[in-house]
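Each remark here refers to the structure printed beneath this line.
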Protein chains: 4
Amino acid sequence: MTSPPAPPQSRRWRRRAEARPEEILEAALAEFIKNGFEAARMEDIAKRAGLSKAGVYLYFESKEVLLKALIRAKITPLAEQAAVMAAAGAANPLFALRAIADMAVRLLRDPSRLAVPRLVIGLSARFPDIAEHYRTHAAEIALGALIGLIETAMAKGQLRAIDPRAAARAFIGPMFFEAMWTHVLGGESGLGDPEKLVESHFDILLNGLEVRA
Amino acid sequence: MTSPPAPPQSRRWRRRAEARPEEILEAALAEFIKNGFEAARMEDIAKRAGLSKAGVYLYFESKEVLLKALIRAKITPLAEQAAVMAAAGAANPLFALRAIADMAVRLLRDPSRLAVPRLVIGLSARFPDIAEHYRTHAAEIALGALIGLIETAMAKGQLRAIDPRAAARAFIGPMFFEAMWTHVLGGESGLGDPEKLVESHFDILLNGLEVRA
Amino acid sequence: MTSPPAPPQSRRWRRRAEARPEEILEAALAEFIKNGFEAARMEDIAKRAGLSKAGVYLYFESKEVLLKALIRAKITPLAEQAAVMAAAGAANPLFALRAIADMAVRLLRDPSRLAVPRLVIGLSARFPDIAEHYRTHAAEIALGALIGLIETAMAKGQLRAIDPRAAARAFIGPMFFEAMWTHVLGGESGLGDPEKLVESHFDILLNGLEVRA
Amino acid sequence: MTSPPAPPQSRRWRRRAEARPEEILEAALAEFIKNGFEAARMEDIAKRAGLSKAGVYLYFESKEVLLKALIRAKITPLAEQAAVMAAAGAANPLFALRAIADMAVRLLRDPSRLAVPRLVIGLSARFPDIAEHYRTHAAEIALGALIGLIETAMAKGQLRAIDPRAAARAFIGPMFFEAMWTHVLGGESGLGDPEKLVESHFDILLNGLEVRA
DNA sequence: CATGAATGAGTCTTCATTCAT
DNA sequence: TATGAATGAAGACTCATTCAT
């Protein structure tokens with residue numbers, strides 16, 4: 001009678017363990033969004049992630065660490081995306097800008113995309129380091145890529161040669177405002193479907209409001 | 001010449017009691033901003049307002065009620081200001097818009113002006129009713145006034161006849177974004193002093209980014 | 001120049017002031033019954049008595065003092081009644097007993113009559129002195145009067161000569177139990193109207209349960 | 001003969017956890033009796049049960065829930081006892097009644113037996129649902145059993161055929177009164193030892209007070 | 001006599017975090 | 001790795017009581 005071979009059933013756990021941090025992060029994001037950082041309970045995060053309260057502490061040593069890890073984890077893709085975006089758009093920057101706006105408007109329909117920025121805004125007073133980290137590792141990189149794109153367009157003579165930061169602001173601002181209005185305040189934009197939104201945004205952005213001769 | 005009747009200077013307490021709600025509200029705002037709603041301690045609010053913990057409950061029955069009262073109190077002036085603004089600007093709307101932008105940019109330098117909106121953003125997920133109240137009683141009124149101004153300008157032929165809501169968004173968006181960038185993320189705008197900011201904002205807003213013939 | 005005579009309008013207050021203690025006592029009883037001693041709030045007592053919270057302290061120096069005054073105030077009439085009862089019944093004790101039972105059963109219909117005893121029961125653990133005071137100044141006096149009546153009846157040969165305390169217990173017990181059952185536990189006695197109650201009570205009390213030859 | 005498998009003596013915690021609810025209930029009863037529901041402090045209950053304040057909340061979600069669980073827990077044995085009693089006494093109900101009285105009188109010597117009923121009486125005004133629960137799940141069941149016994153005795157011709165509820169009341173009332181008198185009011189019964197008590201109680205109950213021909 | 005305002009002391013309850021298993 | 005059990009520390013809220021007017 002031979003002893004049975006090592007049971008392979010431990011594999012499942014190994015797999016699970018590897019996926020755990022991400023599961024927890026996801027759960028934490030959901031809870032932080034729903035209730036805010038302070039009001040979110042570790043127990044709920046744990047439950048949502050499918051493990052026990054104590055289990056979360058095996059991966060993240062405290063609630064604050066969990067929060068920071070979360071922000072960090074959500075930042076990387078953004079920065080990468082920004083770099084890709086900038087590189088891809090070098091050939092035809094004006095077209096790239098429109099594509100970006102298109103994408104942005106579509107993304108902003110999805111409340112979960114806005115979740116991290118909203119969280120950061122809410123936490124910025126109490127955790128300035130989180131805000132700064134978000135700025136330097138995400139916001140400034142994305143903005144930098146955008147500015148680069150605009151500068152390229154200016155160099156190509158496709159846009160007027162003015163302060164590119166002001167231009168970038170004019171590009172992002174209205175969309176950001178729209179997103180906040182809709183998702184934070186729960187208001188109706190009254191601007192119709194995404195296509196129209198981008199359309200009128202670009203119309204104003206490129207042509208201005210003033211009556212042309 | 002008879003001596004005047006006993007002066008009512010004995011009213012120390014009475015005076016205090018009347019001023020109390022506002023004092024508490026002010027203290028609460030400060031604490032909520034510093035620590036967020038959850039982390040703010042009633043005791044600290046009380047201390048800042050110069051009375052005991054229990055004293056606060058004489059005027060506001062709970063922390064949440066205090067928060068809501070605070071938001072409400074901060075909203076009224078905004079709405080009034082918006083109405084005044086709209087009325088005053090009817091004669092020369094374009095000029096009025098620039099004046100508004102001027103004022104707005106200057107206001108946004110002062111972090112305390114942004115405090116309530118930031119608070120609302122941070123709380124919107126957990127207290128949707130607060131967000132809605134803020135929208136209907138402050139944001140929509142101000143936005144409405146702005147839109148009215150823009151419509152007047154369009155009617156007068158000073159601006160192109162396009163969707164006024166899109167125009168309003170293009171007007172506010174960049175300034176809002178700038179404010180968030182500076183005060184929430186702690187970034188440098190890199191756009192220089194207020195005058196220049198308004199200048200470039202209006203340049204783009206009116207003339208657009210595109211190269212004119 | 002003579003000073004004006006003391007204004008007589010203070011009369012109303014004087015009147016009020018004299019009635020105040022009793023009003024407060026009444027209000028306190030009501031609140032104590034509704035919520036128990038601990039859960040009763042001085043403010044509610046004050047409101048019910050028609051004055052301010054601080055006003056109560058003009059008459060009773062603390063909540064506990066108020067409680068004790070209340071018990072004391074409710075005790076006196078009981079003891080007096082008992083004495084009267086005993087004296088009046090000496091001539092025909094058996095008849096008096098029935099009259100007493102009649103009255104008792106009728107009183108027990110009124111929950112407010114039972115209020116003080118119930119209060120005392122509830123408080124006896126924490127305020128043994130109150131319980132003792134109630135016993136010595138009310139319960140024992142009433143019971144003593146009853147025993148006296150029973151002894152008289154025995155002396156007259158109307159009742160068997162047995163331990164009068166046991167007889168008194170047999171007289172009161174069932175009615176007391178009935179009252180508790182109805183008012184404390186909220187149960188139906190299932191014994192019909194007061195007359196029947198007294199009837200069957202006396203039937204058993206006098207004749208016993210056993211089948212007679 | 002192989003050595004027995006590793007004994008599960010390591011279960012210290014597990015054992016503890018299983019026993020905890022009962023320990024807490026016991027502690028709560030003690031504190032509730034000593035101080036009443038309101039004045040009892042959760043911390044004291046916890047300390048008495050041998051855990052921390054927060055620990056109690058692991059088992060009972062609030063003080064009120066704890067109270068209700070306590071009442072419920074103390075009720076079950078009573079109801080069971082009543083059923084047993086009734087069944088056992090069917091053969092010779094009169095004898096059973098005397099046995100019951102004997103037991104009851106002895107039980108009533110022990111103040112802790114009376115604790116729950118006293119608690120219920122004290123709480124009945126503020127928690128009518130507790131009173132009702134006690135009545136339906138304990139008092140009425142016990143009373144029902146007693147009435148059943150009495151009816152059997154009547155059917156057998158051992159007792160007069162009268163309203164059995166009135167008879168039951170005459171049976172319980174004096175003992176209940178005696179218990180309250182002794183334990184609540186702290187009075188002396190003056191009726192001597194338990195045997196005599198039962199003796200005189202039954203004498204009166206069966207034969208009545210009236211002089212027989 | 002009367003009270004509005006104020007507070008100190010206290011209690012319930014929650015929750016991030018730890019630990020024995 | 002995983003968790004059920006446990007807790008220390010903290011905070012919201014209450015209320016009997018005081019006091020200046």
Side-chain angles (χ1 to χ4, degrees), chain A residues 10 13-14 16-18 20 38-46 50-66, chain B residues 8 10-18 20 38-46 50-64 66, chain C residues 10 12-18 20 38-46 50-66, chain D residues 8 10-18 20 38-46 50-64 66:
Chain A
S10 64
W13 286 111
R14 201 57 59 89
R16 202 68 195 279
E18 273 155 24
R20 278 281 150 90
E38 302 288 347
R41 295 165 65 241
M42 286 298 260
E43 181 152 22
D44 291 338
I45 293 172
L51 39 48
S52 76
K53 214 184 338 179
V56 175
Y57 285 85
L58 293 172
Y59 299 93
F60 301 95
E61 60 190 89
S62 79
K63 197 180 175 185
E64 198 174 323
V65 163
L66 177 53
Chain B
S10 62
R11 282 299 112 79
R12 199 167 71 247
W13 285 115
R14 202 56 58 94
R15 276 272 262 303
R16 204 67 195 279
E18 269 156 26
R20 274 283 148 86
E38 302 289 346
R41 294 165 61 243
M42 285 300 259
E43 183 151 21
D44 291 338
I45 294 174
L51 37 50
S52 72
K53 206 184 349 177
V56 176
Y57 287 88
L58 253 35
Y59 298 92
F60 301 96
E61 58 192 88
S62 77
K63 199 178 172 185
E64 197 174 324
L66 178 53
Chain C
S10 63
R12 207 174 59 243
W13 285 113
R14 202 57 58 89
R15 270 278 215 35
R16 201 65 194 280
E18 272 156 24
R20 276 283 151 87
E38 303 287 347
R41 296 164 66 244
M42 285 298 259
E43 181 151 22
D44 292 338
I45 293 172
L51 38 50
S52 74
K53 213 184 338 178
V56 176
Y57 286 86
L58 257 26
Y59 299 92
F60 301 96
E61 58 189 272
S62 78
K63 197 178 174 185
E64 198 174 324
V65 164
L66 178 53
Chain D
S10 61
R11 281 301 110 80
R12 197 167 73 248
W13 287 115
R14 202 55 58 92
R15 276 272 263 302
R16 205 67 195 278
E18 269 156 25
R20 275 283 148 86
E38 303 287 346
R41 294 165 62 240
M42 284 301 259
E43 183 150 21
D44 291 339
I45 294 173
L51 37 51
S52 72
K53 208 186 340 180
V56 176
Y57 287 87
L58 254 35
Y59 298 92
F60 301 96
E61 57 191 88
S62 77
K63 199 177 172 185
E64 197 174 324
L66 177 54

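Residue numbering restarts at 1 for every chain, and letters A, B, ... go by the order of the sequence lines.
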Specify the separation, in whole Å, of atom CZ of D:R20 and atom C1' of F:dG4. 12 Å
At what distance, to the nearest 0.5 angstrom, does OH of B:Y57 lie from CG of B:L51? 12.5 Å
Restricting to nitrogen or oxygen on both sides, can you table the protein-nucleotides 15-18 of chain E pairs closer than 3.5 Å?
| unit_1 | atom_1 | unit_2 | atom_2 | d |
| --- | --- | --- | --- | --- |
| E:dC15 | OP2 | A:R41 | NE | 2.8 |
| E:dA16 | OP1 | A:A40 | O | 3.1 |
| E:dA16 | OP1 | A:K63 | NZ | 3.1 |
| E:dA16 | OP2 | A:M42 | N | 2.9 |
| E:dT17 | OP2 | A:Y57 | OH | 2.9 |
| E:dT17 | OP2 | A:K63 | N | 2.9 |
| E:dT17 | O4 | A:K53 | NZ | 3.3 |

Using Watson-Crick pairs (N1 to N3, plus N6-O4 or O6-N4) and G-U wobble pairs, both distances under 3.5 Å, which stems of at least 3 pairs involve DNA chain F? E:2-21 with F:2-21
What's the verdict on side chain to side chain contact (heavy atoms under 4.5 Å, CB included) for D:L66 and D:M42, showing C-alpha distance, side-chain angles and the deciding distance? CA-CA 10 Å; D:L66 177 54; D:M42 284 301 259; 4.2 Å; yes
To the nearest Å, how far apart are C:L51 CG and E:dG4 C1'? 14 Å
So which one's nearest nucleotide on DNA chain E is more toward 5', B:G55 or C:S52? C:S52
Tell me every residue that passes salt bridge (Lys or Arg N to Asp or Glu O under 4.0 Å) with A:E64, counting only those two or more places apart in sequence or in another chain. A:K68
Residue list, side-chain contact (heavy atoms from CB on, under 4.5 Å) with A:E43, at least two apart or on another chain: A:R41, A:K47, A:K53
Can you check the D:F60 CZ to E:dT14 C1' distance for me, whole Å? 18 Å
Which residues pass the side-chain contact (heavy atoms from CB on, under 4.5 Å) test with C:S52, sequence neighbours left out? C:A54
CG of B:L58 versus P of E:dG4: gap in Å, rounded? 11 Å
